[in-house]
Amino acid sequence: MLEIKNLTKRFGTRTIIDDLSMTVKDNEIMAIVGPSGAGKTTLLRCITGLESVNTGEFYWKGTKFDPTNTTQKDTIIGVVFQDYQLFPNLTVLGNITLAPTMVKKEPMTDVKKYARELLSRLGLEGKENLYPYQLSGGQKQRVAIVRALAMRPKILCYDEPTSALDPALRDEVAQIILDLKQQEMTQIVVTHDMDFAKNVADEIQQVKQIQ
Amino acid sequence: MIQYIQEILPALLSGTKMTLSIFFWTLICSIPLGALVGLGLIQKFKPLTWLLNFYVWIMRGTPLLLQLIFVFYGLPIIHIVFQRYDAAMFAFILNYTAYFGEIFRGGFQSVPKGQFESAKVLRLSYGQTIRKIVIPQVFKIVLPSIGNEVINLVKDSSLVYVIGLGDLLRAGNVATARDVTLLPLILVGIIYLALTAVCTIVLKLIEKRENVWR
Ligand SMILES: Nc1ncnc2c1ncn2[C@@H]1O[C@H](COP(=O)(O)OP(=O)(O)O)[C@@H](O)[C@H]1O
Ligand SMILES: [Mg+2]
């Protein structure tokens, strides 16, 4: 269970998130919805440690943690960015194995085995040695998901997972997210697409624009 | 004529050796140093970028010939004495590091911020991120500009002539003055052409290898 307590985030004097508290239960999908500019990405960036917060505390299973603490190798949060941000100079397999081998010092053979397992689970078998530019948008997204999963995070976060895909692929992403839930993955999905949120989420958190 | 060429060739080749030695050592030192300067130039710590910008400005804003003369003939006045070869290496490395630094700065700046963030959430350290993700991308971006400088360096190396080092140009010039014939200078030209041709081919091969990803 992830608990966020009294999170406030300001850019300069502008308050983007004001005293927000929320709880994400294990094996559940939490959708964070709201109009464009409401601060959804900012909230996600706070949770993933890419932005520091002005006030607020994070608890994982009741233990306080600091998302911006990059020395903690046991990752709690995994992220799939809106534009995926795969590393263009590395193959699919290279993208996936880089962090587990370099950060967690896991043996390459184990990491590769797990990577192949995840790839085939997401319908990407045979793509191991391709470079990102050789993949479609949907495939890139799935590689980004596998790359995040390879670090064995406790929670997987997505920023607007449907925004860069053509509408036909929306259901496919929803299916992936629901499949991962079956594998007991806790997930946070940021989206402005209310229909999509209703499709996948167990719980919906509204984010409103602060005047 | 063949006989004359055979006669002067050893001198020209020994000059070529000097030219190549300056060429290789300058590249081997200046490219990594340039990458470091480029990395320094994108840091937020103002005194560092200010200092590095000043250095780059001086090195790129004055002739390399002046820098060579300054190091070899100027510095002894304040009791800093270099051997000829060391003076040449010092001036060349300092000068080319500045050019490469500026090229690398542009390269580092063109790597999207999202790549750093992506690496950060995967818990890669700054060093790992630079080595595994940023440098390979920067290398590909800067390769054409580095290539231009490499070709320039082949020709710039002839400037060491002014501090009395026996490079290729000097060898040709000595022979021409002594034997009153253009042939040595033409041979010198041909050797420079061959050297730049080899560089061009090697650069093309590296570029081709880099093209496996985009
Ligand atoms: N680094 C930043 N500095 C200043 N303002 C920012 C920064 N990042 C986002 N904002 C502002 O915060 C607000 C919320 O942005 P964002 O979280 O991206 O919204 P959403 O993802 O819901 O569309 C926007 O008005 C945006 O301009
Ligand atoms: Mg957003």
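Below, read A as the first sequence line, B as the second, and so on, with proteins coming before strands; counting in each chain starts at 1.
Counting heavy atoms from C-beta on, the side chains of A/Ile145 and A/Tyr158 come closer than 4.5 Å. Contact check for B/Phe92 versus B/Val160: side-chain heavy atoms found under the 4.5 Å cut-off.
When heavy atoms are compared at a cutoff of 4.5 Å, A/Met102 approaches chain B by way of both its backbone and its side chain. Only the side chain of B/Gln128 comes within less than 4.5 Å of a heavy atom of chain A; its backbone N, CA, C and O stay farther away. Residue contact with chain B, scored on non-hydrogen atoms closer than 4.5 Å, involves the side chain of A/Arg45 exclusively. If you measure heavy-atom distances from A/Leu86 to chain B, the contacts under 4.5 Å come from the backbone alone. In this structure, no portion of A/Asn95 lies under 4.5 Å from any heavy atom of chain B. Using a 4.5 Å cut-off between heavy atoms, A/Pro67 contacts chain B through its backbone alone, with no side-chain atom that close.
Using cut-offs of 30° and 60° on the angle between ring planes, the pair B/Phe104 and B/Phe108 is tilted.
The choice from A/Gly94, A/Pro100, A/Pro88, A/Ala99 that makes the most heavy-atom pairs within less than 4.5 Å of chain B is A/Pro88. Of the listed residues A/Tyr131, A/Tyr84, A/Phe81, A/Phe87, the one with more heavy-atom pairs under 4.5 angstrom with chain B than any other is A/Phe87.
A cation-pi arrangement, defined by a distance under 6.0 Å to the six-membered ring centre and an angle within 45 degrees of its axis, is present between A/Lys5 and A/Tyr59. For A/Arg152 and A/Tyr114, the positive end sits near the middle of the six-membered ring, less than 6.0 Å away and at most 45° from its axis.
Residue A/Asp179 is tested with A/Gln182, A/Gln175, A/Lys181 for a side-chain hydrogen bond (donor to acceptor under 3.5 Å, both in side chains); the sole match is A/Gln175.
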